[in-house]
**Student:** 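Starting off with a structure, shown below.
Labels below follow one simple rule: chain letters A, B, ... track the order of the sequence lines, proteins then strands, and each chain is numbered from 1. Note that the structure is predicted; figures quoted are calculated from it, not measured.
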Amino acid sequence: MPELPEVETIASGLASFVCGRKIQEVRLISSHMIIGDEIIFRKRLKSRIIRNVRRRAKLLIMDLSDPVHLVFHLKMTGKVWVPGERTDPNKHTHMVLALKGGQDIFFEDQRKFGYVAAMTPEELGRWSFYAGLGPEPLQIESEEFVSIFKHRKARIKSLLLDQKVIAGIGNIYADEALYLAGIHPCSVPSEISADKLAGLHNCLREVLLAAIKAGGSSFRNYRNALGSAGSFQESFLVYGKKDHSCQQCGCVIETVKVSGRTSCFCPHCQEEPPAAK
DNA sequence: GATGTTGTTGAGTC
DNA sequence: TGACTCAACAACAT
């Protein structure tokens with residue numbers, strides 16, 4: 001499931017291949033992956049030049065000439081990539097963008113939870129999900145991070161996953177950062193010291209940067225822009241490690257459900273807050 | 001055929 | 001009104 005580091009890896013990998021290239025043909029295989037009208041979608045893409053590829057939260061955004069923003073949400077199993085060799089669409093391929101001069105951009109999604117939209121700058125700005133996104137964890141200072149959280153009374157894990165509070169964090173990196181910071185997923189920020197919250201921000205930065213450096217995590221079927229796997233899944237300390245031993249203290253890693261999400265934690269290194277049960 | 005999986009939204013509660 | 005929690009939904013692999 002592509003979170004911030006995976007989408008970042010895809011964006012930077014794609015950029016070197018597709019920036020400056022012209023979209024010659026839009027091949028739509030399943031049009032229900034599109035948000036909005038198909039005819040307008042096609043018209044907005046045809047013959048546009050890809051100026052830039054970037055990430056905001058978990059969104060992959062291609063800035064096209066005119067200007068138009070081609071926005072992808074990859075959800076659990078989405079992929080956007082450029083096959084090195086000639087590749088035919090498979091049953092999970094939903095769109096192919098043929099570039100002038102050869103090479104195709106493939107949009108694939110096994111579970112079809114993802115979507116793609118072609119928006120004008122005005123539409124993008126009016127889109128409530130986009131407009132409501134919280135700040136990027138790698139772009140804010142510790143003081144801002146602490147001030148976002150310190151008065152909150154929801155469980156910290158829920159808040160980390162809330163894209164309106166802070167953008168780009170999913171289940172993997174929330175669990176890893178909480179473990180590194182020694183904070184239980186059920187802890188309530190208003191009862192955590194400012195120092196510890198600042199520490200969480202540091203751990204979050206650390207784990208996100210390390211994951212970007214490793215090319216993301218290929219826990220299920222994530223692949224980067226060239227179709228190769230990342231390696232950060234080998235560095236997971238708690239995510240997916242239920243019943244394994246904690247690398248710091250040897251205790252058995254447990255799980256707890258927080259707002260419907262499985263959270264992995266070490267009961268010794270991440271002490272349960274007094275109020276939680 | 002039941003279960004697990006996740007990001008997001010909307011309904012419901014305090 | 002805002003903060004919070006939870007169920008529901010999408011569709012597939014196991």
Side-chain angles (χ1 to χ4, degrees), chain A residues 1-8 10 29-36 55-61 71-80 89-95 107-117 119 124 126-134 136-137 147-178 184-192 208 211 216-223 232-233 236 238-243 254-264 273 275-277:
Chain A
M1 23 236 110
E3 303 181 21
L4 186 156
E6 289 76 30
V7 181
E8 186 73 35
I10 293 170
I29 297 150
S30 37
S31 55
H32 66 269
M33 304 291 288
I34 301 175
I35 306 274
R55 176 195 63 78
R56 170 73 172 114
K58 299 172 195 172
L59 295 170
L60 178 70
I61 304 177
V71 182
F72 296 88
H73 198 311
L74 305 177
K75 292 286 179 87
M76 287 180 73
T77 51
K79 285 194 268 185
V80 177
N90 61 37
K91 64 173 178 173
H92 300 308
T93 311
H94 305 298
M95 180 176 74
F107 174 40
E108 305 183 343
D109 191 346
Q110 197 177 82
R111 301 213 185 156
K112 301 181 186 172
F113 290 178
Y115 55 78
V116 57
M119 298 180 166
L124 185 63
R126 278 202 312 266
W127 182 25
S128 60
F129 174 70
Y130 187 83
L133 287 170
E136 290 286 333
S147 72
I148 289 170
F149 285 90
K150 67 180 176 188
H151 297 302
R152 294 297 204 122
K153 291 183 164 59
R155 288 167 295 179
I156 185 95
K157 176 69 185 284
S158 310
L159 293 168
L160 286 173
L161 295 179
D162 187 340
Q163 302 299 299
K164 295 191 282 298
V165 175
I166 191 142
I169 316 289
N171 215 12
I172 295 175
Y173 299 102
D175 278 5
E176 293 294 312
L178 286 170
H184 192 284
C186 297
S187 298
V188 171
S190 63
E191 289 163 10
I192 301 175
L208 292 173
S217 305
S218 300
F219 188 60
R220 290 179 200 284
N221 67 343
Y222 160 78
R223 292 293 183 272
F232 195 72
Q233 68 281 1
F236 288 169
V238 283
Y239 183 82
K241 298 286 185 188
K242 181 175 159 52
D243 298 333
E254 296 178 7
T255 59
V256 62
K257 286 262 183 195
V258 182
S259 35
R261 292 288 165 271
T262 301
S263 302
C264 303
K277 43 176 164 183

**Student:** Got a sec, which residues hit side chain to side chain donor-acceptor pair (under 3.5 Å) with S190(A), two or more places apart in sequence or on another chain?
**Tutor:** none
**Student:** Just jot down the side chain to side chain donor-acceptor pair (under 3.5 Å) partners of S147(A), sequence neighbours excluded, or say none.
**Tutor:** none
**Student:** List for me each residue that meets side chain to side chain donor-acceptor pair (under 3.5 Å) alongside E8(A), sequence neighbours excluded, and say none if there are none.
**Tutor:** R55(A)
**Student:** OP1 or OP2 of dT8(B) less than 4.0 angstrom from a side-chain nitrogen or oxygen of Y130(A), does that happen here?
**Tutor:** no
**Student:** Base, backbone or nothing for each nucleotide of nucleotides 9-14 of chain B, written B, S, -, heavy atoms under 4.0 angstrom, 5' to 3'?
**Tutor:** S-----
**Student:** Could you tell me whether the side chain of Y239(A) reaches within less than 4.5 Å of the side chain of N171(A), counting heavy atoms only?
**Tutor:** yes
**Student:** Starting from P on dT5(B), measure out to CD1 on I172(A) and report it in whole angstrom.
**Tutor:** 13 Å
**Student:** With D243(A), which residues qualify under side chain to side chain donor-acceptor pair (under 3.5 Å), at least two apart?
**Tutor:** none
**Student:** What pairs with K164(A) under salt bridge (charged side-chain N to carboxylate O under 4.0 Å, His left out), at least two apart in sequence or on another chain?
**Tutor:** D162(A)
**Student:** Measure from CG on D162(A) to P on dT8(B) and round the result to the nearest Å.
**Tutor:** 9 Å
**Student:** Would you mind reporting whether S217(A) and E6(A) have side-chain heavy atoms less than 4.5 Å apart?
**Tutor:** yes
**Student:** Rounded to the Å, how far apart are K242(A) NZ and dG4(B) P?
**Tutor:** 12 Å
**Student:** Extract, from 5' to 3' on DNA chain C, the first and final nucleotides lying under 4.0 angstrom from some heavy atom of chain A.
**Tutor:** dC4(C) to dA13(C)
**Student:** Roughly how many Å is it from CG in L74(A) to C1' in dT6(B), rounded to a whole number?
**Tutor:** 13 Å
**Student:** I'd like to check the ring-ring contact (aromatic ring centres under 6.0 Å, His included) partners of H73(A); sequence neighbours left out, ordered by chain and number.
**Tutor:** Y115(A)
**Student:** Could you pull out all residues at least two apart from K58(A) that satisfy salt bridge (charged side-chain N to carboxylate O under 4.0 Å, His left out)?
**Tutor:** none
**Student:** In whole Å, I'd like the distance from the CD atom of Q163(A) to the C1' atom of dT8(B).
**Tutor:** 9 Å
**Student:** Round to the nearest Å and state the distance from E3(A) atom CD to dT5(B) atom C1'.
**Tutor:** 13 Å
**Student:** Does any donor-acceptor pair link the side chain of R111(A) with the base of dT6(B) at a separation under 3.5 Å?
**Tutor:** no
